[in-house]
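Everything numeric in this text was worked out from a predicted model, so none of it was measured.
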Amino acid sequence: MAKIDFIRGYDAYAGMLEGTPYLARRFRLLQEKKVMEGRGQFVYGLELLEQEIAVLPKDTGRWAPNERWSAKPVWDEDFQRAVRRYVIVHWYQEADDPMQRLAYIVESMALNDYGNEEAFEID
């Protein structure tokens, strides 16, 4: 069973001075593919975004969800070695409950496929 080490929400368009909904999605896809290259990182919905971009008209006026969330589920604490498994999960949503969304994501994914080990302090 996983525990949540942290959960954070961000404005996905913070710092964006100009652009179009289509280009914002393309940039998001490139950015999140880079994130997935990191150890212990998982971006939920990346393949759906790629499919959406493939069929989306370049002049669309519909923006993608503006909330970017990140959370760190941890599990399998090994007190002898003082290590635990973790994965940092990222996803986009708009006006939903992030905890419910995170629970759905964690239940639907194979944590060990993306998990990594880290040291932790024993209190």
Side-chain angles (χ1 to χ4, degrees):
M1 172 188 269
K3 295 185 279 186
I4 305 304
D5 194 49
F6 71 75
I7 184 169
R8 296 183 185 118
Y10 310 90
D11 179 351
Y13 297 114
M16 184 174 161
L17 298 177
E18 61 181 75
T20 67
Y22 179 81
L23 289 176
R25 283 178 177 83
R26 295 271 308 166
F27 181 71
R28 182 178 287 184
L29 180 64
L30 294 172
Q31 181 181 19
E32 297 302 355
K33 280 186 174 184
K34 188 82 170 159
V35 168
M36 285 285 289
E37 293 173 7
R39 292 176 53 132
Q41 302 282 332
F42 177 74
V43 180
Y44 180 79
L46 198 57
E47 56 285 331
L48 293 175
L49 177 60
E50 202 160 15
Q51 292 169 6
E52 180 185 29
I53 290 170
V55 298
L56 194 67
K58 289 185 169 71
D59 62 348
T60 185
R62 188 173 51 88
W63 289 89
N66 66 342
E67 297 174 14
R68 182 182 194 268
W69 288 87
S70 298
K72 182 179 179 184
V74 296
W75 69 99
D76 288 346
E77 295 171 330
D78 181 342
F79 293 101
Q80 296 291 344
R81 296 177 27 227
V83 296
R84 64 184 178 184
R85 306 264 311 147
Y86 76 94
V87 63
I88 300 176
V89 180
H90 309 276
W91 72 97
Y92 292 87
Q93 68 176 46
E94 195 160 332
D96 291 330
D97 180 358
M99 289 301 291
Q100 285 182 347
R101 185 74 167 160
L102 176 61
Y104 172 79
I105 293 168
V106 170
E107 288 172 10
S108 66
M109 68 183 284
L111 288 174
N112 285 319
D113 289 351
Y114 300 96
N116 197 24
E117 246 181 28
E118 71 177 356
F120 73 98
E121 292 185 27
I122 301 172
D123 296 329

Between the CD atom in E50 and the CZ atom in R26, the distance rounded to the nearest 0.5 Å is 9.0 Å
E67 meets the side chain to side chain contact (heavy atoms under 4.5 Å, CB included) criterion, sequence neighbours left out, with W69, Q93
Nearest heavy-atom contact between V87 and G115 is CB-CA, 4.3 Å
Q. More than 12 non-hydrogen atoms from neighbouring residues, nucleotides or ligands closer than 6.0 Å to OH on Y10, yes or no?
A. yes
R62 meets the salt bridge (charged side-chain N to carboxylate O under 4.0 Å, His left out) criterion, sequence neighbours left out, with E52
Between the CG atom in L23 and the CZ atom in R28, the distance rounded to the nearest 0.5 Å is 13.0 Å
Worksheet item: Are Y92 and V35 connected, step by step, through hydrophobic side chains (Ile, Leu, Val, Met, Phe, Trp, Tyr) whose heavy atoms are closer than 4.5 Å?
Response: no
Residues at least two apart in sequence or cross-chain that pass side-chain hydrogen bond (donor to acceptor under 3.5 Å, both in side chains) with R39, listed by chain then number, are N116
Worksheet item: Taking the side chain as C-beta and beyond, is there a heavy-atom pair between F120 and Y86 under 4.5 Å?
Response: no
Could you check whether any side-chain heavy atom of E117 comes within less than 4.5 Å of a side-chain heavy atom of D78, counting everything from C-beta outward? no
*R101 atom CZ, over 12 foreign heavy atoms within 6.0 Å*: yes
- Give the cluster check for M36 versus F27: same hydrophobic cluster or not, with ILVMFWY residues linked at side-chain heavy-atom distances below 4.5 Å. no
CG (L29) and CD1 (I53) are apart, to the nearest 0.5 Å, by 4.5 Å
* Please check if Y104 and Y114 belong to a single hydrophobic cluster, counting links between Ile, Leu, Val, Met, Phe, Trp and Tyr side chain heavy atoms closer than 4.5 Å. => yes
Could you tabulate the donor-acceptor pairs under 3.5 Å formed by side-chain atoms of residues 70-77, not counting sequence neighbours?
unit_1, atom_1, unit_2, atom_2, d
S70, OG, R68, NH1, 3.3
S70, OG, H90, ND1, 2.8
K72, NZ, E118, OE1, 2.9
K72, NZ, E118, OE2, 2.9
W75, NE1, N112, OD1, 3.3
E77, OE1, K3, NZ, 3.2
E77, OE2, K3, NZ, 3.2

Under a side-chain separation threshold of 4.5 Å, the hydrophobic residues clustered together with M16 are Y13, W63
- In sequence, state the C-alpha distance, the side-chain angles, and the governing distance for M109 and Y44, and then conclude on side chain to side chain contact (heavy atoms under 4.5 Å, CB included). CA-CA 9 Å; M109 68 183 284; Y44 180 79; over 6 Å; no
W91 side chain near I105 side chain, heavy-atom distance below 4.5 Å
yes
CG (L49) and CD (E32) are apart, to the nearest 0.5 Å, by 8.5 Å
Residue pairs passing the salt bridge (Lys or Arg N to Asp or Glu O under 4.0 Å) test with at least one member in residues 88-100, sequence neighbours excluded, are none
Rounded to the nearest 0.5 angstrom, the CZ-CZ distance for F79 and R84 is 10.0 Å
Cluster overlap I4 with I88, hydrophobic side-chain contacts below 4.5 Å:
no
